[in-house]
Amino acid sequence: MDAMKAIFSRRSIRKYTNKQVPDSVVKEILEAAMSAPSAGNEQPWHFIVIKDRKILNEITKIHPYAQALNTASVAILVCGDLKLEVHKDCWIQDCSAAAENILIAAQAKGLGTVWLGVYPRTERVDGIRKLLNIPDNVIPIAVIPIGYPAEDKPPAVRFDPSRIHHNKWS
Ligand SMILES: Cc1cc2nc3c(=O)[nH]c(=O)nc-3n(C[C@H](O)[C@H](O)[C@H](O)COP(=O)(O)O)c2cc1C
């Protein structure tokens, strides 16, 4: 799938079939994540691959909008490591770029995903950190379940010329 097709066809998929995602595909998706740009190439990310059904269930008790984890057999938790940060506060953008690469790479592989926001909701950050033994310097930013889609969504057309400005705001 070419990049533009993957970008335009991606939608949040919250129901998955029970077909397992091969480890080799998860690895490829993680390679895509780590290919993201980052401030000064600081690459402040860590990724926790979660397959343990008990842990996936526990996350749904901490995160009020994480029902998509119910049918997922694997999820990637994207985290930012403040100790790896060189350019202050850029870790959020770096990790978001990595998270978006996960969504697009998975789409290109015929998989569905949804970005479940964790940071900056303190109760989700604290709850997930405790559940997964994540150190204080590492901040979970998003949980991304990955699976073969069990729902079909048409591409969303959101292009809005009124949001484009030329040279100056007005
Ligand atoms: C920062 C962020 C946080 C999000 N958090 C959640 C979430 O907690 N639960 C959820 O089901 N979807 C979540 N989403 C997915 C959005 O609801 C979804 O991307 C948006 O409605 C647009 O739909 P689409 O992804 O199908 O194009 C989140 C997306 C982003 C970027």
Side-chain angles (χ1 to χ4, degrees), residues 1-18 21 29-30 32-39 44-53 55-82 85 89-132 134 138-164:
M1 193 186 287
D2 80 25
M4 294 303 267
K5 188 165 182 213
I7 290 167
F8 287 132
S9 60
R10 184 216 58 81
R11 295 293 312 278
S12 288
I13 297 299
R14 298 181 176 86
K15 290 196 178 87
Y16 315 97
T17 69
N18 55 13
V21 181
I29 290 170
L30 289 166
M34 292 190 222
S35 294
S38 61
W45 40 62
H46 285 271
F47 304 90
I48 303 182
V49 179
I50 308 168
K51 290 184 181 174
D52 186 322
R53 174 43 47 205
I55 295 178
L56 294 170
N57 289 346
E58 285 302 313
I59 294 174
T60 65
K61 294 179 194 163
I62 294 163
H63 190 309
Y65 307 108
Q67 291 82 359
L69 292 171
N70 289 338
T71 54
S73 54
V74 60
I76 296 174
L77 176 68
V78 182
C79 302
D81 185 344
L82 299 182
E85 191 188 47
D89 293 338
C90 287
W91 68 271
I92 305 166
Q93 294 158 83
D94 301 336
C95 292
S96 296
E100 179 68 7
N101 272 12
I102 290 174
L103 306 191
I104 301 303
Q107 180 70 17
K109 287 279 170 189
L111 290 158
T113 59
V114 57
W115 178 318
L116 306 176
V118 177
Y119 181 85
R121 299 283 173 267
T122 316
E123 67 287 357
R124 297 181 200 170
V125 170
D126 293 347
I128 287 175
R129 186 184 268 140
K130 195 171 166 210
L131 179 69
L132 304 181
I134 298 172
V138 176
I139 303 176
I141 186 165
V143 186
I144 305 176
I146 302 172
Y148 291 92
E151 60 177 341
D152 200 25
K153 288 188 176 175
V157 178
R158 301 192 178 117
F159 181 72
D160 178 355
S162 74
R163 299 292 182 93
I164 302 171

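Note that the coordinates shown come from a computational prediction; the quantities given were computed from them, not determined experimentally. In listed order, ligands and their atoms are each counted from 1. Residue numbers run from 1 in the order of the sequence given.
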- Message: Tell me the closest heavy-atom pair linking S35 and N101, and the distance in Å.
- Response: C-ND2, 4.0 Å

- Please, which pairs that meet ring pair (Phe, Tyr, Trp, His ring centres under 6.0 Å) have at least one residue in residues 106-128, sequence neighbours excluded? W91-Y119

- Would you mind reporting whether T113 and I29 have side-chain heavy atoms less than 4.5 Å apart? no

- Set of residues that line ligand 1, where lining means a heavy atom lies under 4.0 Å from it: R10, R11, S12, R14, H63, Y65, V114, W115, L116, G117, R158

- If the plane angle is over 60° it's perpendicular, under 30° parallel, otherwise tilted; pick one for Y65 and H63. perpendicular

- Across all chains, not counting sequence neighbours, the side chain to side chain contact (heavy atoms under 4.5 Å, CB included) partners of D152 are none

- Message: For A72, give me all partners under side chain to side chain contact (heavy atoms under 4.5 Å, CB included), at least two apart in sequence or on another chain.
- Response: Y16, P145

